[in-house]
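Proteins come first, then strands; the chains are lettered A, B, ... in the order of their sequence lines, and each starts at number 1.
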Amino acid sequence: MLELLKQSSNPEICRPLAEAVKEKAKEYYRVHGRKPAFMEVCGSHTMALARSGVKQALLNEVNLISGPGCPVCVTDQKSIDAMIALAEGEGRIICTFGDMMRVPGSRYTLMSAKTAGKDIRVLYSPMEAIKIAEQHPDKEIVFLGVGFETTIPILSLLIGEADQRGLGNFSIWMATKLVEPILRYLLDQGETQIDGFLLPGHVSIVLGEGSYSYLADEYNISGVITGFEPAELLSGIYKLIDIAASPEAKILNDHKSIVTKQGNIVARKWMATYFTHCDEAWRGIGIIPKSGLDFKPGYERYNAKKRFNVRMEEPRKTKCRCGEVIRGLVSPNECSLFGKACKPLNPIGPCMVSAEGSCSAYYQYMRESI
Amino acid sequence: MGKIISLAHGDGGELSHRLIKDVFVKIFGNNEESLFDASVVDIPGSLAAVTTDSFVIKPIFFPGGSIGKLAVAGTVNDLAVSGAIPLYITCGFVIEEGFPISDLKKIAEDMAEEACKAGVKIVAGDTKVVERGSADGVYINTTGIGAYSRSFGNRLSFKEGDAVIVTGTIGDHGIAVLAARGDLGINVPVKSDCASLNKMLDKVYQNSEGVQIVRDPTRGGVATALVELAEDFSLDILIKEELLPVKDQVHGMCDLIGYDPLYLANEGKAILIVSADEKENILEILTCFPEGKDSVVIGEVTGTEKGRLLLETPLGSKRLLSRLAGTMLPRIC
C-alpha cells in the first residue's frame, strides 16, 4: 500500500498524467467553448490540490472551485461564538480538534480563552475525551462536535462509550454537517457553473459510492470519487472531464481501494442510533433544512446545547467573505482582507484558519506560485 | 536523601549538598570543579563561542532520548553549526517538588553519556527546587562554550548552484515526541534523532573549504531554518519535494493529522549550504557517520537577490514557503 502511495506522487508518473489532463481539458474547451469547472467538495482535496501543485499545474486548463467541505469553515459564526462562550463557564473542560482553536469568534478565539486560563484541550483522538471525563468526575466535559460524515461516527462512538461507562459529566456540542443537503443546495441555487464534482475520498468511505446517485439522476451532473495523492487527483480530474463531456451524467468511483459501493454500514448504523436530522445553519448561507444532526430522544442528556445555558448573541460583522468562498462564488484573493488583514497567524475568517480552508491553502501554497 | 525532590533539596542546606554530591558531581565526574564557586577552563585560540538554551519537553523521556540528552546535544549542536569546537557545558536545573530522584539520576546519566560522546565537559551547575505545581517536572538550561575557529556566512561567498544538504530524514523528533505523549493512540515506531553532530561537522570543516553555512533545523523544522537563511543572506533557495528524506512512518502520521514534515522539529540534523564543486566530497564525509548516513542534497541556491525559499512539487510547479505560522494543530478529518 505504501509503495502504491509513493508511486502516486512519483514525478515520472504525475508529469505525463498532468499533460494528459491538459490535453483532455483542451479537447473539452474545443467542444464547449470554455474550461471545465469542477468543484472539489472536500477540504482535504482543496489542501491536497494546492499543496501537490496540481491546481497550479492545471490553472490554465481546468477551473477547480473549492467547495463547502472544510468543517470549520462552514460552521456558523453564531455557533462558533457559542462554543467560545461555553468555554467561559466555570468547572468545564472543553475538548476539541485543533482546527477550532484559532477560529475567530466575534470577540476572541478558543486559543485566547485557553491562554487566559480556561481549560481547553486539543485532542488527537476524540476517545481521549472519555478518559478525561473519567479522570475529572467533578468537571463537565464538553466535546465540540464539528465535522461531516467522516467525523460523526466517531461522535457516535463517544456517546456509546459514555453510555456504557455511565458517564454523567460528558456531552457534545453538535455542529455537524451533512454532504448531500449542501450539494443539493448549491445545485438548486445555481449560483456557480459546476460541470462536475470531485467527490470526497474520506466521506465516501462512510457514505459509499451509491450515495451520490441523486447527482446524476436528479441534476444530471457527474462526479468522481477521488483519492488525495497527486496521481489520484489527476486521474480523478481526467475521468471527470471525460464523463462531464458526455451527455449522460454518472458517478464514478476512482478510489476503489478504499471506497466501496455500500460504504461503511456499521458506521452509518451507529450514527442512526444516536442522531436524527435537524435544520442546521451554515456560514454565509443560513439555515439549510435537514442538513445537520441532533440527538435522538433518549440521548439528550449528552446534548451540551440543552445542558448548558449559553447566551447566543448576534455575531459581529466583518468584511470577511468566507461565506462566498465556500459557495464557490469568489476565490480567496478576491476578498479585500485576504493576505492583508487576514493571514494564517491573525485570521479573520475560518477559511484562513483550518488546514483544510480554501484561504489557508491559497495563502500557503498559491500566493506567489510561479 | 529520600526518593523524591523536596523543597529542602533546594534550600542550600544538607539535602542540597547531598543531592549535588550524590547525583550531579558523582555522575558528571567533576570532583575538582565542585570545590569552587566557579570553574576555570582553558580555551585554545583567542576567541570563544558561547550559546545558551533552555529545555522544556513533555514527556521527559521519549524514544531516542530524554531531556538530559537533548540539553547536551542541543547546545553542542548550536556551537558546532556555528563553526566552533564545543568544549564545556554548564547546566541549571529547575526541579518541581515531588520529582523522583531516580528520574533525575537517569537524566544526569544521559547528560554525562552525551557529553562524553560529544567530547565536552560539564563544568558548572545549579539546582533550584520550586513548589509542586509551579513547574512541570524538570527544566534544564545549558550554556555551551567552544573554541571559535571558523567563520561562516560570508555574504559574498554564496553562489548560484550552491547545494543544500540535509544530514538525514526530517521530522523524526517531532513525531517521536508527539507519539510518546500517547495522545495519538497509535504506536508509531519512530525514534527521536536527538544526537550531537559536532564530530561529524568538524570532520567536514577539516576536510573541505566548501561549507558556506550550517544551521540546525530544530523548532520550526527545515522550512523555517531555510527561510531564515534565505532572508538573512538574501538567498533564493529552491528545494525539491521529491528529494526530501522523510521516513514512511513520519509521512504517514503527517498525512493523518495534517502536519507537514518540513515544519517538524529535528534534534540531530544539520542543513549545510555548500559550494557545488565540494558537495560530493562533503556528502561522502557525512555519510560515513551514523548520524549522517542518510545525508542528501535537497535543493540549491538559485540566486542571491530575493531572499526567498521555494519548493518544487513533483509536478514541477513551484510554491513559496514561509515560516511556521503559529503552532501546528491537528485537523478534523
Side-chain angles (χ1 to χ4, degrees), chain A residues 2 5-6 9-15 17-18 42-44 47 50-59 70-72 97-102 111 122-125 127-128 146-148 150-151 200 202-203 228 230-231 234 343-345 353-356 360 363-370, chain B residues 175 177-188 223 227 236 238 240-244 246-263 302-303 306-333:
Chain A
L2 245 158
L5 278 179
K6 272 190 207 160
S9 55
N10 180 346
E12 284 170 28
I13 292 172
C14 293
R15 290 188 191 188
L17 200 50
C42 172
S44 297
M47 207 38 135
R51 190 172 157 187
S52 62
V54 169
K55 187 158 176 158
Q56 297 89 317
L58 302 178
L59 215 52
C70 156
V72 169
F97 291 111
D99 301 42
M100 287 301 295
M101 291 301 282
R102 277 199 299 259
M111 189 73 101
V122 173
L123 305 188
Y124 289 86
S125 158
M127 290 310 270
E128 280 173 71
V146 173
F148 284 91
T150 345
T151 317
H202 294 147
V203 164
F228 298 89
L234 287 163
K343 290 181 181 181
L345 206 54
V353 181
S354 173
E356 300 167 39
S360 167
Y363 187 89
Q364 281 190 62
Y365 301 130
M366 296 189 62
R367 190 173 25 126
E368 288 183 52
S369 57
I370 303 164
Chain B
I175 289 295
V177 170
L178 194 64
R181 283 186 196 145
D183 298 346
L184 301 174
I186 301 171
N187 186 15
V188 189
V227 167
D236 311 325
L238 176 70
K240 292 191 176 183
E241 197 169 345
E242 64 204 72
L243 298 179
L244 296 176
V246 183
K247 284 201 171 91
D248 289 344
Q249 298 90 331
V250 172
H251 190 80
M253 280 314 301
C254 284
D255 271 357
L256 204 59
I257 51 180
Y259 284 7
D260 186 341
L262 273 170
Y263 290 93
T302 55
K306 293 176 186 154
R308 58 184 195 168
L309 174 66
L310 293 170
L311 176 90
E312 189 179 306
T313 71
L315 282 167
S317 46
K318 297 180 185 111
R319 58 180 166 87
L320 187 73
L321 293 180
S322 314
R323 282 188 179 79
L324 177 63
T327 323
M328 276 197 281
L329 295 167
R331 66 163 175 216
I332 289 176
C333 76

> Looking at P314(B) and S52(A), what are the two nearest heavy atoms and their distance?
Replying inline: CD-O, 4.3 Å

>> Just verifying a value: how many Å separate I257(B) CD1 and S125(A) OG, rounded to the nearest 0.5 Å?
In response: 12.0 Å

> What pairs with F228(A) under ring-ring contact (aromatic ring centres under 6.0 Å, His included), at least two apart in sequence or on another chain?
Replying inline: H45(A), H202(A)

> So which part of V203(A) gets closer than 4.5 Å to some heavy atom of chain B, the side chain, the backbone, both or neither?
Replying inline: neither

>> Which residues pass the salt bridge (charged side-chain N to carboxylate O under 4.0 Å, His left out) test with D236(B), not counting sequence neighbours?
In response: none

> To the nearest 0.5 Å, how far apart are CD in E241(B) and OG in S9(A)?
Replying inline: 7.5 Å

> Would you say R319(B)'s side chain and R51(A)'s backbone share a donor-acceptor pair under 3.5 angstrom?
Replying inline: yes

> Do R181(B) and E128(A) meet the salt-bridge criterion of a basic N to acidic O distance under 4.0 Å?
Replying inline: no

> Can you tell me how far the CE atom of M366(A) sits from the CG atom of L320(B), to the nearest 0.5 Å?
Replying inline: 13.0 Å

> Does the side chain of K318(B) reach to within under 4.5 Å of the side chain of Q56(A), using non-hydrogen atoms?
Replying inline: no

> For the side-chain contact (heavy atoms from CB on, under 4.5 Å) test, which of K240(B), E312(B), E242(B) pairs with P11(A)?
Replying inline: E242(B)

>> Given heavy-atom pairs under 4.5 angstrom as the criterion, report whether the side chain, backbone, both or neither of L234(A) touches chain B.
In response: side chain

>> I want to check something: taking the side chain as every heavy atom from C-beta on, are T313(B) and Y365(A) in contact at a cut-off of under 4.5 Å?
In response: no

> Between L315(B) and chain A, which part of the residue has a heavy atom less than 4.5 Å away: side chain, backbone, both or neither?
Replying inline: both

> Heavy-atom distance under 4.5 Å to chain A: side chain of L321(B), backbone, both or neither?
Replying inline: neither

>> Counting only non-hydrogen atoms closer than 4.5 Å, does E12(A) touch chain B with its backbone (N, CA, C, O), its side chain (CB onward), both, or neither?
In response: neither

>> Report which part of D260(B) has an atom under 4.5 Å of a heavy atom belonging to chain A: side chain, backbone, both, or neither.
In response: both

>> Heavy-atom cut-off 4.5 Å, strictly under: side chain, backbone, both or neither for M111(A) against chain B?
In response: side chain

